[in-house]
Amino acid sequence: QVTLVESGGGLEQAGGSLRLTCVASRRNSYGMAWFRQAPGREREFVAGISWTGVNIYYVDSVKGRFTISRDNAKNTVDLQMNSLKPEDTATYYCATIIDGLARTAYNWYKVNHYDYWGQGTQVTVSS
C-alpha cells in the first residue's frame, strides 16, 4: 500500500509557471505519472517517469512546456509546468503504474493501468 499526496496547485495567469509535487508514503520502485481531469472531461495522462528516470513520457499537448522528474531518496515526483495555458486548468493527480506494465510505453497512457492515486491538487490558469 502506498499513499500519495499532491501539493503545489493554485491559481496562475496564462504564461506563468507552477510546480506540483507528489510525495509517496514509502520508498517504492514504481513508475509514476501525473494525470489531470477537467470538469466534464475524462481523466487524461499528462506525464510519466519510470523508477530509474530513464523512460519519460508526455502527452503531446504538454511537450516542451512540462517536465516530470523524481527524487527516489525523497520519495517524490515533481511536475514543473511552464507556459501555462487556460486549457491546463484541471485537477492534477499523481499515480503509480501497476507493476509489470511499465515496460510498454503504450500502457502509460491508460488510466486503468494505475493502482494507487493521490487526492488531487487543483490548477487554475486564467487568461
Peer 1: Could you give the distance from CD1 (Ile98) to CG (Asn112), rounded to the nearest 0.5 Å?
Peer 2: 7.5 Å
Peer 1: Between Trp108 and Tyr57, does the ring-ring contact (aromatic ring centres under 6.0 Å, His included) criterion hold? Intermediate values first, please.
Peer 2: CA-CA 8 Å; Trp108 286 79; Tyr57 309 93; 5.1 Å; yes
Peer 1: Distance from Glu87 atom CD to Arg41 atom CZ, nearest 0.5 Å?
Peer 2: 9.5 Å
Peer 1: Taking atom types as modelled, find out whether Thr91 and Gln37 have a side-chain donor-acceptor pair closer than 3.5 angstrom.
Peer 2: no
Peer 1: Under 4.5 Å between side-chain heavy atoms, hopping through other hydrophobics if needed: is there a path connecting Val77 to Val5?
Peer 2: no
Peer 1: Judged by atom type as modelled, is there a donor-acceptor pair below 3.5 Å linking the side chain of Tyr58 to the main-chain atoms of Ile68?
Peer 2: yes
Peer 1: Closer than 3.5 angstrom, by distance alone: can the side chain of Asn107 be matched with the main-chain N or O of Leu101 as a donor-acceptor pair?
Peer 2: yes
Peer 1: Answer yes or no: is there a side-chain heavy-atom contact under 4.5 Å between Thr89 and Gln122?
Peer 2: yes
Peer 1: Is it true that, when you exclude Trp117 itself, more than 12 heavy atoms of the residues, nucleotides or ligands shown sit nearer than 6.0 Å to its CH2?
Peer 2: yes
Peer 1: Without swapping roles, check the side chain of Asn72 against the backbone of Trp51 for a donor-acceptor pair under 3.5 Å.
Peer 2: yes
Peer 1: When you compare the side chain of Met81 with that of Val123, does any pair of heavy atoms fall below 4.5 Å?
Peer 2: yes
Peer 1: Are Val59 and Leu20 connected into the same hydrophobic cluster when the rule is that any two of I, L, V, M, F, W, Y join if their side-chain heavy atoms are below 4.5 Å apart?
Peer 2: yes
Peer 1: Please state whether the rings of Tyr106 and His113 are parallel, tilted or perpendicular, taking 30° and 60° as the class boundaries.
Peer 2: perpendicular
Peer 1: Do we see a donor-acceptor contact under 3.5 Å between the side chains of Asn82 and Gln80?
Peer 2: yes
Peer 1: Could you tell me whether a side-chain N or O of Arg26 sits under 3.5 Å from a main-chain N or O of Gln1, the two making a donor and an acceptor?
Peer 2: yes
Peer 1: Quick check with a 6.0 Å cut-off and a 45 degree axis cone: is Arg36 positioned over the face of Tyr93's six-membered ring?
Peer 2: no
Peer 1: Give a yes or no answer on whether the side chain of Arg70 reaches the backbone of Thr76 with a donor-acceptor pair at less than 3.5 Å.
Peer 2: no
Peer 1: Can you see which heavy atom on Pro86 is nearest to which on Ser127, and at what distance?
Peer 2: CG-CB, 3.8 Å
Peer 1: Phe35 and ring-ring contact (aromatic ring centres under 6.0 Å, His included): which single residue from Tyr109, Tyr114, Tyr92 fits?
Peer 2: Tyr114
Peer 1: Where is the tightest heavy-atom contact between Cys22 and Leu4, given as atom of each residue plus distance?
Peer 2: SG-CB, 4.0 Å
Peer 1: At what distance, to the nearest 0.5 angstrom, does OH of Tyr116 lie from OG of Ser25?
Peer 2: 9.0 Å
Peer 1: Is it true that Asp78 and Ser69 share a donor-acceptor pair across their side chains at a distance under 3.5 Å?
Peer 2: no
Peer 1: Is the shortest side-chain N to carboxylate O distance from Asp88 to Lys85 below 4.0 Å?
Peer 2: no
Peer 1: To the nearest 0.5 Å, what is the distance between OH on Tyr30 and OG on Ser50?
Peer 2: 15.5 Å
Peer 1: Around atom CG of Asp99, are there more than 12 heavy atoms from other residues, nucleotides or ligands closer than 6.0 Å?
Peer 2: no
Peer 1: Using side-chain heavy atoms (C-beta onward) and a distance below 4.5 Å, is Leu79 in contact with Thr67?
Peer 2: no
Peer 1: Just how far is it from atom OG1 of Thr124 to atom CG of Leu11, taken to the nearest 0.5 Å?
Peer 2: 6.0 Å
Peer 1: Okay, side chain of Glu6, backbone of Cys94: is any donor-acceptor separation there less than 3.5 Å?
Peer 2: yes
